[in-house]
Amino acid sequence: AYADNVKIALVVKSLGNGFFDAANKGAEEAAKELGDVDVIYTGPTKATAEAQIEVINSLIAQKVNAIAVSANDADALVPVLKKAMERGITVISWDSGVAKEGRQLHLNPSDTGLIGETIIKLAADYLPEGGDVAILSASSTATNQNAWIEAAKKVLPEKFPKIKLVATVYGDDDSAKSTDEAKGLLKSYPNLKAIIAPTTVGVVAAAQVVTDENLIGKVNVTGLALPSEFKKFIDNGASQAVALWNPIDLGYSAIYLAHDLAVKKEEAKPGATLSIGRVGKVTLDDTNSAAMAPPFQFDKTNIEKFSKIY
Amino acid sequence: MKSFLKYREIWLLAGIVVLIGLISTRFPGFADPSNLRQVFNDTSILMILALGQMVVILTRSIDLSMASNLCFTGMVVAMLNAAHPAIPIPVLIVVALAVGLVLGAINGFLVWRLNIPSIVVTLGTLTIYRGTTFVVSGGAWVNADQMSPDFINFQRVAFLGLPVLSWIAIIVIALFFLVMTRTAIGRSIYAIGVNPTASVYAGIDVGRTKFIVFCISGMIGGLAGYLWISRYVIASVEVANGYELNIIAACVIGGISIAGGIGSVGGAVLGALFLGIISNALPVINISPFWQMAISGSAIILAVVLNARGERRQGRIILRKAEAA
Amino acid sequence: MDTTAQRKVETEQSQASHPALSARLTLAGISKSFPGVRALHNVSLSLYPGQVTALIGENGAGKSTLVKIMTGIYQPDSGEIGIDGQVTTLPSAHAAFGHGITAIHQETVLFDDLSVAENIFLGHAPRSRFGTIDWRTMRKNAREVLETMRAGHIDADARLKDLGIANKHLVAVARAMSIDARIVIMDEPTAALSMKEIEELFLLIEFLKSEGKAVLFISHKFDEIYRIADRYTVFRDGEMVGEGMLKDTGQNEIVRMMVGRNVDHIFPQREPKIGAPVLSVSGLSHPTEFDDIGFELRKGEILGFYGLVGAGRSEVMQAIAGITRTSRGAISLDGKAIAPKSAADSIEAGIVYVPEERGKQGVVIGLPIFQNVSLPSLARTSKSGVLKHAEEFSLARSYTERLDLRASSLSQDVGTLSGGNQQKVVIAKWLATTPKVIILDEPTKGIDIGSKAAVHGFMAELVAQGLSVIMVSSELPEILGMSDRVVVMREGRIAATYDNKGLDAETLVRTAAGIAA
Amino acid sequence: MTDTPAPRHIPDRLDKPLSSAIFSWEALLVIIAVAIFAVNSVASPYFLDPWSLSDLTFNFTEKGLIALAMALLIISGEIDLSVAAIVALASTMMGMAVQAGAGTPVLVAIGVVVGLGCGAFNGLLVTRLGLPSIVVTIGTMSLFRGIAFIILGDQAYKGYPESFAFFGQGYVWWVFSFELALFLVAAAIYWFVLHRTSFGRRIFAIGNNPVACQFSGVRVDRIKFILFCLTGLMSGIASVLITSRLGSTRPSIAQGYELEAITMVVLGGVSILGGAGSILGIVLAAFIMGLVTFGLGLLNVPGIVMSIFIGLLLIIVIALPILWRRLREGRFA
Ligand SMILES: Nc1ncnc2c1ncn2[C@@H]1O[C@H](COP(=O)(O)OP(=O)(O)OP(=O)(O)O)[C@@H](O)[C@H]1O
Ligand SMILES: Nc1ncnc2c1ncn2[C@@H]1O[C@H](COP(=O)(O)OP(=O)(O)OP(=O)(O)O)[C@@H](O)[C@H]1O
Ligand SMILES: [Mg+2]
Ligand SMILES: [Mg+2]
């Protein structure tokens with residue numbers, strides 16, 4: 001009976017990342033709920049497309065039923081995922097998407113535009129007078145970060161006219177480089193009021209720099225962060241608030257959707273509405289993408305609680 | 001005739017001064033003492049690592065596993081701190097040195113006892129040590145919140161106007177200077193690089209000295225592991241990934257000959273400083289981050305070309321000797 | 001080192017002329033094998049204080065191997081080492097040092113990038129109160145050692161790299177002097193020295209004798225041996241075949257012990273048929289090494305190049321062979337101007353240069369003998385780039401057998417051959433290119449007497465076949481015995497050219513040293 | 001004259017004991033490869049499937065192609081750490097050409113020529129200026145990839161023509177991919193060149209003693225230059241394959257390939273100090289690395305744990321013959 005179980009691979013950008021470990025918790029929860037699912041939690045250790053392809057190749061060989069991938073590269077994975085689909089494997093992407101031809105559907109953690117707006121809003125909320133802000137991103141090739149930054153830039157002029165985005169720099173999700181870049185920002189822009197880092201490594205590095213340079217209260221660090229990793233900086237005031245979606249729900253939903261497509265033969269087409277168990281329902285847009293939920297904000301009032309969860 | 005080495009370091013120093021001057025034209029505050037102090041502090045870890053690598057390179061070996069050692073030791077120390085916040089920091093530093101020493105000793109043992117070329121040994125341990133970090137940590141990170149305040153703040157405490165991190169670097173530099181110029185082991189390290197066969201004939205135990213050298217680089221890697229983790233307040237498998245090449249680049253720019261036997265403490269320090277200044281300055285002078293890689297690549301090539309220039313142009317000069325006579 | 005069990009060994013004094021004198025060092029029943037080679041078999045040797053013992057033997061007889069055993073670099077497979085009558089072991093070079101054993105090895109082993117003072121004192125530098133190296137005292141002591149050796153002209157602070165080869169050798173000697181050595185070993189110390197420096201070295205050896213040191217002296221040159229040594233030990237094929245006092249033994253007897261037959265080294269009688277000029281060089285200059293070199297080499301001629309070490313002969317020859325660049329001058333071969341830019345060019349044109357430093361420039365250690373021999377001739381032993389093994393072997397065989405190479409097979413790594421046998425491979429390698437002009441730079445350096453004769457005979461054969469030879473040599477007998485004409489170089493310039501009829505050694509030496517007759 | 005006895009006869013070669021063939025490097029690698037293959041077949045029911053085995057080869061073909069040329073370079077005593085950066089730069093140039101509307105033949109030409117050009121640049125720096133290659137290529141490694149970053153920044157090139165996909169995704173026959181076929185053909189050519197031609201012989205000689213080679217009329221610098229060009233060329237070819245396989249270009253493409261290629265070369269028995277090695281060894285090492293990573297992948301072992309295996313394999317395989325020799329000589333420490 002075990003062999004008949006549906007095998008769904010949850011492929012992440014890289015192993016050893018708290019965010020994805022939390023997603024896996026949700027995936028296991030979905031598997032238990034669905035009953036007939038085995039989750040294979042896997043991914044490369046180096047966050048590169050090449051390494052991820054090797055992982056996917058071995059999943060194809062294992063004849064898994066579905067692959068749910070958070071991609072290191074939106075385009076480079078397309079050929080191998082196409083091959084997977086040709087061999088009858090259901091492929092969806094989640095979190096960080098794959099180009100349309102490489103998957104059946106994509107589950108955004110949240111609406112891209114909304115994330116873009118949120119990261120700016122997190123800074124703007126604590127800057128009633130307005131001022132200079134800068135973005136410290138992950139690697140310059142990260143698909144989702146780039147999309148959010150794009151969206152953020154779009155909403156700036158109309159919604160936040162007093163906020164001035166002075167620079168966008170890349171820390172490559174590397175602590176040392178992110179630290180250098182954050183310091184560079186502080187030196188180059190003495191009037192900087194906030195650093196927005198939509199990546200968990202970058203946001204920690206920036207907050208540590210602000211702490212070290214005694215700029216707490218002068219420069220606010222914000223962005224996307226896992227509460228468990230970031231609690232210290234909410235506590236010490238380097239950051240007023242950060243946001244993130246619930247990675248547990250994200251993993252849960254990814255498995256749910258993959259299962260529905262693979263087993264119930266639901267069709268992923270624009271306009272279709274699919275159920276994702278306890279999280280609710282999503283509707284696919286014309287690129288077969290769906291957004292799960294708006295980002296959730298963490299500040300002094302709730303960080304304690306959530307840092308225990310993920 | 002003055003030692004040629006000094007000559008080279010003065011050039012490097014001049015290069016650094018010019019570099020700072022150039023940067024200052026675009027970012028006036030860069031040459032301020034307070035900023036330079038900060039650059040020094042920011043470069044401290046690289047300087048320490050470059051010194052560890054230097055002694056290895058001097059013996060015609062190379063240690064590619066330093067960054068992985070750093071990652072492993074950093075993780076061990078961070079996990080220890082997270083689990084037992086009461087352990088005082090000096091003890092943790094000793095632990096870091098000891099763990100690093102063990103990893104270095106493994107490299108050294110393989111080089112010494114099995115006579116495997118160091119580049120092969122450390123190419124292997126490069127992946128093994130980082131992989132083991134993953135196994136030890138189960139892939140989980142240790143983040144700022146799990147580290148004790150002492151753990152994080154130790155290196156940041158100011159003492160006589162400089163953070164402890166800078167002082168550690170200064171102490172390490174002084175120690176290395178003493179060892180390399182004033183002790184038998186230091187001179188043996190040079191001798192081995194200049195001529196390994198002659199060293200055997202001179203009664204130096206080449207294998208054992210190489211073992212010691214790897215122990216030194218291991219300890220340095222371990223020390224840097226603690227400093228790195230407490231500086232960047234995140235311990236993960238990805239820490240300092242690929243940093244081994246930066247360390248070697250610092251040595252190369254500092255005029256340490258990859259063929260062994262030539263190089264000095266001052267060179268390694270200046271080489272690291274040079275790289276540190278570049279990575280510090282690029283963000284502030286608004287050069288697109290995408291240029292950084294190409295610029296440091298060009299700097300390395302330039303440094304090698306210049307070093308090689310200085311190294312050659314030494315003929316036998318029979319004619320001139322004849323004229324002088 | 002005192003921890004090893006110590007026990008009395010009776011010292012062999014069978015033929016000592018001073019029966020009262022006891023040996024300072026005795027080796028008894030020493031054997032040593034390398035994979036496939038039995039280098040030493042049950043040999044013994046004794047060294048006496050205040051005496052110089054000459055160790056004599058053909059190339060590959062095992063002399064250097066024994067030296068390495070005595071200095072703790074190799075461990076013997078069996079046998080006993082006794083020092084002052086106490087059995088001991090020498091597990092490392094350091095241990096040998098501790099017993100006051102010091103050596104100048106066959107290949108100069110020093111540290112190019114370190115200062116002269118450090119080269120002398122590395123490993124036993126004077127210490128300060130804190131246990132750190134006391135540089136000041138070290139420099140002072142270095143100057144003192146050099147002074148006592150009458151080598152005060154060497155700057156103790158200079159980097160070794162910047163010294164001439166002879167001075168480097170003196171530094172090696174100074175190093176041996178700097179520890180209070182009781183046993184001094186010299187493995188072919190004169191091979192790279194000129195006459196003047198050899199004289200100085202001999203003065204030094206006399207001094208060592210007078211200080212009561214035991215000296216082991218290895219050389220292939222009998223005149224030196226008879227001048228400086230008191231006793232001798234002869235090795236043949238790794239076994240000891242005789243020992244005694246030199247004053248009681250004639251050269252012929254020793255040679256017979258060495259090779260097991262009579263070798264009377266007389267230079268080959270030739271009927272030189274000198275033809276038209278083959279190679280002519282004019283105005284050849286180098287920015288720093290030599291100036292205005294001009295000479296002619298004729299068909300069927302052996303042209304000797306004499307000079308003191310460092311006179312620049314090798315540099316000139318390397319320029320003719322395309323290895324170093326010149327600033328000015330012309331070279332023509334058979335009347336056609338050539339400008340070789342690499343050794344490949346000159347070999348193609350028909351000029352080959354057999355280099356002097358065989359370890360560095362001659363053999364490719366790591367490759368088997370036959371591949372070494374065929375290396376410059378690969379174009380001939382391959383067809384459109386594809387190798388033909390059979391031809392490589394036959395090429396290698398024909399040349400190495402004529403030079404009487406001692407090897408177990410042609411597929412043996414040259415690195416496992418003795419120094420002299422490596423030299424034979426080197427000569428074979430360049431001869432195999434069938435050149436028009438062959439330049440031999442110190443062709444018999446480090447070669448034993450039997451092989452020397454073979455090389456000389458071979459040279460005679462070559463010129464008889466119409467080849468032209470330039471022979472660079474620092475050995476006067478060789479120059480006088482083999483050359484048709486002699487060019488003498490001094491300090492990068494040609495000092496004189498002589499016809500070798502009635503030429504005497506003194507003229508050459510004076511010209512080379514720049515002393516007016 | 002001398003009464004010289006007749007010259008001794010020197011045999012071509014002595015008969016080697018059988019044990020030296022059995023304990024040769026290649027034999028060791030074959031044993032390891034077979035063992036891993038067997039373990040994989042037992043450990044995973046999915047392993048013994050033609051398509052699985054075919055997919056497996058993609059794990060090493062591109063790096064293997066680079067390793068072939070790198071082996072020659074390392075045998076000659078040099079090294080090239082910039083190969084992965086060359087892949088990135090060549091891929092970027094192909095990407096630019098695609099934006100300009102180039103077709104498949106032009107793309108391939110560009111990839112190969114850029115690779116060659118980068119190799120020539122390394123070669124010139126090393127041979128003309130006499131610089132140590134390990135250092136030069138650490139520099140060009142940053143330089144080449146740096147240029148790719150300058151050109152592409154945070155962008156990606158895509159839109160490669162359909163026909164271009166064949167190189168990295170196509171099959172020549174049944175499960176035999178174009179990549180595998182190319183690798184095997186290239187290996188055969190490299191084997192011939194290294195072991196059967198005078199060029200190959202000179203490479204070995206240079207690795208053992210470059211100065212003596214120069215004196216022997218071997219054009220050392222020219223050969224080294226050619227080898228750098230070859231390594232660049234193979235990196236260019238690998239770039240075509242990988243770009244085709246990924247269907248897109250980012251400046252971070254092929255990150256870390258240099259160390260994997262070098263690992264393959266060393267595992268294949270090439271002496272990192274130069275002067276010794278064989279192509280058969282490289283091919284076996286390539287397969288072994290593919291087998292290990294794929295086999296562990298089937299068991300869903302995380303990549304980083306696999307890398308521990310590769311690292312251990314490297315050290316153990318190098319250490320085994322040494323330990324074996326010591327054991328036989330009875331001086332086991
Ligand atoms: N490391 C080694 N490995 C293998 N064989 C060796 C090694 N060293 C020496 N041999 C062999 O041992 C023998 C003795 O060599 P050794 O160098 O002692 O000769 P030698 O008497 O010094 O000759 P020469 O006069 O030419 O210097 C030779 O046959 C040589 O080939
Ligand atoms: N200062 C030095 N440093 C290094 N090598 C030296 C030095 N002096 C001489 N040599 C080496 O010694 C050899 C002889 O030098 P050179 O060519 O100047 O003189 P020569 O007249 O040919 O002497 P020789 O009698 O040794 O042939 C050369 O091969 C050279 O490499
Ligand atoms: Mg000898
Ligand atoms: Mg000479």
Side-chain angles (χ1 to χ4, degrees), chain A residues 3 7 9-12 14-16 38-64 72-84 86-87 99 101-102 137-143 145-147 149-150 168-170 172, chain D residues 40 44-60 62-63 84 87 91 149 152-160 165 168-169 242-257 260 290 293-308:
Chain A
K7 286 192 287 186
L10 190 71
V11 182
V12 300
S14 70
L15 288 178
D38 289 337
V39 173
I40 299 172
Y41 173 55
T42 180
T45 324
K46 250 187 310 183
T48 65
E50 291 91 332
Q52 218 168 16
I53 289 173
E54 291 189 5
V55 169
I56 292 171
N57 262 329
S58 70
L59 291 170
I60 295 174
Q62 292 175 57
K63 305 195 166 56
V64 295
N72 280 321
D73 188 312
D75 307 301
L77 292 185
V78 169
V80 72
L81 291 176
K82 269 187 178 165
K83 183 164 85 181
E86 278 162 22
R87 303 221 185 139
E101 35 326 340
S137 183
S139 101
S140 55
T141 64
T143 336
Q145 264 89 4
N146 288 343
I149 294 169
E150 237 6 83
T168 303
V169 297
Y170 300 89
D172 287 348
Chain D
N40 281 347
S44 170
Y46 306 107
F47 180 73
L48 280 179
D49 172 285
W51 286 102
S52 292
L53 294 175
S54 164
D55 284 352
L56 173 164
T57 62
F58 285 101
N59 284 7
F60 65 79
E62 292 141 5
K63 292 164 218 162
V87 171
S91 183
F149 266 104
L152 262 173
D154 52 5
Q155 302 301 304
Y157 284 135
K158 42 194 169 183
Y160 286 91
Q169 301 173 37
I242 190 169
T243 307
S244 155
R245 189 160 63 91
L246 302 183
S248 62
T249 296
R250 285 192 190 276
S252 60
I253 196 168
Q255 195 108 50
Y257 271 32
E260 292 189 46
T293 54
F294 196 75
L296 293 174
L298 283 182
L299 304 176
N300 298 309
V301 173
I304 190 130
V305 179
M306 287 181 207
S307 69
I308 300 182

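Proteins get letters first, then strands, A, B, ... in listed order; numbering begins at 1 in each.
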Heavy-atom closest pair, residues D:Phe294 and A:Ala61: CZ-CB, 3.6 Å
Working to the nearest 0.5 angstrom, can you tell me the gap between A:Thr48 OG1 and D:Gln255 CD? 8.0 Å
Working note: A:Val78 + D:Lys158, criterion side-chain contact (heavy atoms from CB on, under 4.5 Å); need CA distance, chi angles, decisive distance, verdict. CA-CA 11 Å; A:Val78 169; D:Lys158 42 194 169 183; over 6 Å; no
Taking D:Gly295, D:Ala165, D:Ser248, D:Gly256 one by one, which has the highest count of heavy-atom pairs under 4.5 Å against chain A? D:Ser248
What part of D:Ala254 is in contact with chain A, defined as an atom under 4.5 angstrom from a non-hydrogen atom: side chain, backbone, both or neither? both
To check you understand the geometry: which heavy-atom pair defines the closest contact between A:Ser58 and D:Gly297, and what is its length? OG-O, 3.4 Å
Minimum heavy-atom distance D:Tyr257-A:Glu50, with the two atoms named: OH-CG, 3.5 Å
Find the distance between CG (D:Asp55) and CD1 (A:Ile56) and round it off to the nearest 0.5 Å. 12.0 Å
For A:Glu54 and D:Asn59 the tightest heavy-atom approach is CG-OD1, 3.4 Å
With A:Lys83 as the cation and D:Phe58 as the aromatic partner, state whether NZ or CZ is under 6.0 Å from the six-membered ring centre and within 45° of the axis. yes
Distance in Å, A:Ile60 CD1 paired with D:Tyr46 OH, rounded so as to fall on 0.5 Å steps: 14.0 Å
In short, A:Asp75 meets D:Arg250 closest at the heavy-atom pair OD2-NH2, 3.8 Å
Among D:Thr293, D:Leu299, D:Ile253, D:Ile242, which residue has the highest count of heavy-atom pairs closer than 4.5 Å to chain A? D:Ile253
Which answer fits D:Leu53, side chain, backbone, both or neither, if we ask what part of it has an atom under 4.5 Å from a heavy atom of chain A? neither
Side chains of D:Leu246 and A:Ile53, heavy atoms from C-beta outward: is any pair under 4.5 Å? yes
